[in-house]
Amino acid sequence: TAGSLADLEVCCAATGPVLDLGGAFAGIVSRLRLRDGAGAGVRVRDTAAPTIEDTIIEGVKGRRVVIEGQARPVIRGVAGR
């Protein structure tokens, strides 16, 4: 499934990742600021194959990006503090 997320700030996940991409998502995630989460910044799971680009991940307790299952993301320009 294609689609996109762009130019957003997402914050404050009390549990789990700030952004969870799953299923067959194959869209573009671009120019996001993901912050202040209890888990990872982004979790990519199932058979998702998104392109994640120019994204800032900060203030998360877990890893910036977690890849699970058969997920195959393309990652370009993910930064964090």
Side-chain angles (χ1 to χ4, degrees):
T1 303
S4 66
L5 295 169
D7 300 316
L8 296 172
E9 180 172 341
V10 182
C11 79
C12 312
T15 60
V18 177
L19 182 63
D20 189 9
L21 302 172
F25 181 75
I28 298 172
V29 175
S30 181
R31 298 179 310 277
L32 300 187
R33 181 175 179 226
L34 307 174
R35 63 180 183 85
D36 302 331
V42 178
R43 177 172 67 178
V44 186
R45 58 185 174 78
D46 303 325
T47 59
T51 298
I52 302 170
E53 57 188 20
D54 302 326
T55 294
I56 296 171
I57 301 170
E58 58 190 2
V60 295
K61 303 283 189 223
R63 297 189 334 225
R64 288 187 193 125
V65 179
V66 172
I67 302 167
E68 299 176 349
Q70 300 296 316
R72 297 289 179 257
V74 174
I75 300 172
R76 298 184 202 127
V78 173
R81 296 181 205 159

Q: Taking the side chain as every heavy atom from C-beta outward, state whether S4 and V29 have any atom pair closer than 4.5 Å.
A: no

Q) Do other residues, nucleotides or ligands put more than 12 heavy atoms under 6.0 Å from Q70 CD? A) no

Q. Are L34 and I75 connected, step by step, through hydrophobic side chains (Ile, Leu, Val, Met, Phe, Trp, Tyr) whose heavy atoms are closer than 4.5 Å?
A. yes

Q) After noting the C-alpha distance and the side-chain angles of E58 and R33, does the key distance pass the salt bridge (charged side-chain N to carboxylate O under 4.0 Å, His left out) rule? A) CA-CA 8 Å; E58 58 190 2; R33 181 175 179 226; 2.4 Å; yes

Q: Might you point out which heavy atoms bring R72 and G69 nearest each other, and give the distance in Å?
A: NH1-O, 4.2 Å

Q. Could you give the distance from CG (L5) to CD1 (I28), rounded to the nearest 0.5 Å?
A. 10.5 Å

For residues 41-52, tabulate all N or O donor-acceptor pairs below 3.5 Å that involve a side-chain atom, not counting sequence neighbours.
| from | atom 1 | to | atom 2 | distance (Å) |
| --- | --- | --- | --- | --- |
| R43 | NE | D20 | OD1 | 3.1 |
| R43 | NH2 | D20 | OD2 | 2.7 |
| R45 | NE | D20 | OD1 | 2.9 |
| R45 | NE | D20 | OD2 | 3.2 |
| D46 | OD2 | G23 | N | 2.8 |
| T47 | OG1 | G23 | O | 3.2 |

Q.
Name the residue from V60, D36, L32, I57 that meets the side-chain contact (heavy atoms from CB on, under 4.5 Å) definition with V18.
A. V60

(Q) According to a hydrophobic-cluster definition based on side-chain heavy atoms being under 4.5 Å apart (Ile, Leu, Val, Met, Phe, Trp, Tyr only), do L19 and L8 belong together? (A) yes

Q: Indicate the atoms forming the closest heavy-atom contact of A38 with A14, along with that distance.
A: CB-O, 3.1 Å

Q: Look at the side chain of T55 and the backbone N and O of E53, then say whether any donor-acceptor pair between them is shorter than 3.5 Å.
A: yes

Q | Salt-bridge contact D54-R31 (side-chain N to carboxylate O under 4.0 Å) | A | no

